[in-house]
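Reckoned from all heavy atoms, side chains included, excluding hydrogens, waters and symmetry mates. Numbering of ligands and ligand atoms starts at 1, following listing order.
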Amino acid sequence: MQLRFVGCGDAFGSGGRSNTCFHVTGEQVNFLIDCGASSLPALKRAGIPRGDIDLILITHFHGDHFAGLPFFLLDAQFSRRTRPLIIAGPAGIETRLVQVMEALFEHSSKVKQKFELSVVALHPEQTQWFGAVGVTPYAVMHGDSGGPFLGLRVEAQGRTIAYTADTEWTETLIPLARDADLLIAEANTYDKVVRNHLSLNALEAHLAEIRPKRLILTHMSDDMLSRLNALPYTAAHDGMVVEL
Ligand SMILES: [Zn+2]
Ligand SMILES: [Zn+2]
């Protein structure tokens, strides 16, 4: 199985990076984790056939994680996609998806797709299986409005991928990520405490409890990006591929 960082930037494109989108492929799976506003051009740049993607998991409704869906869906329609597609995300996703489609392309939510589209709500600490992909969401802390906000623990082909999504430190990150084969963790800042976001320092304080087999940092601000060469951690970059 392989995970490609199609985009690993923050909301502001720091370092010229694309918004969050990870592509996971293997013999039994082909799915995305998040689909931020700039994800369709990033998928095309990476030469990824969108028509083979079965499932898109969404962590929250911020534009840098969610607003690529209208572009993805319209592109699928115009490129005559036939494969069924499941989009799974926080409770309320059915309504939020209609709202973002209407905001960006009026009437687009009313177009009947030529392919079967299922929009599914995920609920904290309830595992749902989509084919060979098992998803256990955990509630994370990313603001007082605009939620729910989820981090994801994903099982596929005998491997576990944990993704904090955007969050300040919260104890749910421990069961979310414990002993994961790969933990993709937000490291928005180095040590500066920013509300609703995770600093590398806050994460480091708990790494011994989490014990990820592998850690890759993502969603970094300019402050973090300027320090990368001096840090003993692997940081994602757009196009990076990880074998699992
Ligand atoms: Zn974000
Ligand atoms: Zn966010």
State whether D75 and K44 are salt-bridged, where the test is any N-O pair (Lys NZ or Arg NE/NH1/NH2 against Asp/Glu carboxylate O) under 4.0 Å. yes
If I only include protein atoms of type N, O or S, how many are less than 2.8 Å from the Zn ion (ligand 2)? 4
Indicate yes or no: does D144 engage R195 in a salt bridge with an N to O separation below 4.0 Å. yes
Between K192 and D223, does any NZ, NE, NH1 or NH2 come within less than 4.0 Å of an OD or OE carboxylate oxygen? no
Does M141, at its CE atom, have more than 12 non-hydrogen atoms belonging to other residues, nucleotides or ligands within less than 6.0 Å? no
OG1 (T167) and CG (N188) are apart, to the nearest 0.5 Å, by 11.5 Å
Note: R83-D54 ion pair, threshold 4.0 Å (strictly below): yes
